[in-house]
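What follows is one structure encoded as structure tokens, with my remarks underneath.
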Amino acid sequence: MAQISVNINGKSHQLACADGEEEQLKQLADYVNAKTMALTDKLGHVSESKLLLMASLLIADELNEALESKGQQGIINGISEDDLAGILNEVAIEVEGIADQLTKA
């Protein structure tokens, strides 16, 4: 298992990933960072948890549109409401956990 350091919203985070996936994870982190920075430029200061939640929703919207443009079922219509609620709950818990870690850093 490889360990890498990524920067999101001006803060460094240590992450683990499978060997050989380091560069892809860094590129994904750079993409998430770009989303958070763009949101900060537009909205000014918002809480870390809200910023990460908004970035996650923007990225989910991009994924949904990309799937639909390829003629596939999007991520929203491809799952049940119960499954979607569960996923959103898990994302909220993860975002809150990350925000807690960021406030302690």
Side-chain angles (χ1 to χ4, degrees):
M1 180 104 352
Q3 296 282 325
I4 66 166
S5 177
V6 299
N7 289 303
I8 305 290
N9 197 32
K11 295 186 178 156
S12 180
H13 303 278
Q14 296 296 318
L15 300 175
C17 63
D19 290 334
E21 293 184 357
E22 299 90 346
E23 188 58 34
Q24 181 180 2
L25 185 54
K26 284 181 184 178
Q27 289 175 352
L28 292 170
D30 288 345
Y31 188 78
V32 171
N33 186 53
K35 289 291 179 192
T36 62
M37 299 307 289
L39 283 168
T40 300
D41 288 345
K42 287 182 182 177
L43 303 173
H45 178 73
V46 295
S47 69
E48 288 280 340
S49 60
K50 186 171 278 191
L51 182 64
L52 293 172
L53 175 60
M54 292 171 71
S56 299
L57 292 172
L58 287 173
I59 293 168
D61 184 53
E62 290 174 356
L63 174 60
N64 188 61
E65 287 181 8
L67 290 170
E68 288 178 344
S69 73
K70 292 183 177 185
Q72 299 177 13
Q73 200 170 36
I75 59 175
I76 295 171
N77 296 322
I79 59 175
S80 72
E81 287 184 26
D82 288 340
D83 289 341
L84 180 59
I87 291 168
L88 290 175
N89 188 46
E90 289 177 23
V91 169
I93 291 168
E94 288 291 323
V95 168
E96 289 171 358
I98 292 168
D100 287 343
Q101 291 177 356
L102 291 173
T103 58
K104 293 175 184 175

Identify the two heavy atoms, one from Ile8 and one from Ala29, that lie closest to each other, and give their separation to 0.1 Å.
CD1-O, 3.2 Å
Please identify each residue that fulfils side chain to side chain contact (heavy atoms under 4.5 Å, CB included) with Ser49, with sequence neighbours left out.
Ser47, Val95, Ala99
Could I get the full list of side-chain hydrogen bond (donor to acceptor under 3.5 Å, both in side chains) partners for Asn33, not counting sequence neighbours?
none
Quick one: side chains of residues 13-28, donor-acceptor pairs under 3.5 Å with protein atoms, not counting sequence neighbours, listed by atom name and distance.
{"from": "Gln14", "atom 1": "NE2", "to": "Ser5", "atom 2": "OG", "distance (Å)": "3.4"}
{"from": "Asp19", "atom 1": "OD1", "to": "Ala2", "atom 2": "N", "distance (Å)": "3.2"}
{"from": "Glu22", "atom 1": "OE1", "to": "Gly20", "atom 2": "N", "distance (Å)": "2.9"}

For Glu62, what residues pass the salt bridge (charged side-chain N to carboxylate O under 4.0 Å, His left out) criterion, not counting sequence neighbours?
Lys35
Side-chain heavy atoms under 4.5 Å apart, restricted to Ile/Leu/Val/Met/Phe/Trp/Tyr: what other residues fall into the cluster of Leu43, or is it alone?
Leu39, Val46, Leu51, Met54, Leu58
With clusters built from Ile, Leu, Val, Met, Phe, Trp and Tyr whose side-chain heavy atoms come within less than 4.5 Å, directly or transitively, what are the remaining members of the cluster of Met1, listed by chain and number?
none
From Thr36 atom OG1 to Ile59 atom CD1, the distance as rounded to the nearest 0.5 Å:
8.5 Å
Roughly how far apart are Met37 CE and Asn9 CG, rounded to 0.5 Å?
6.0 Å
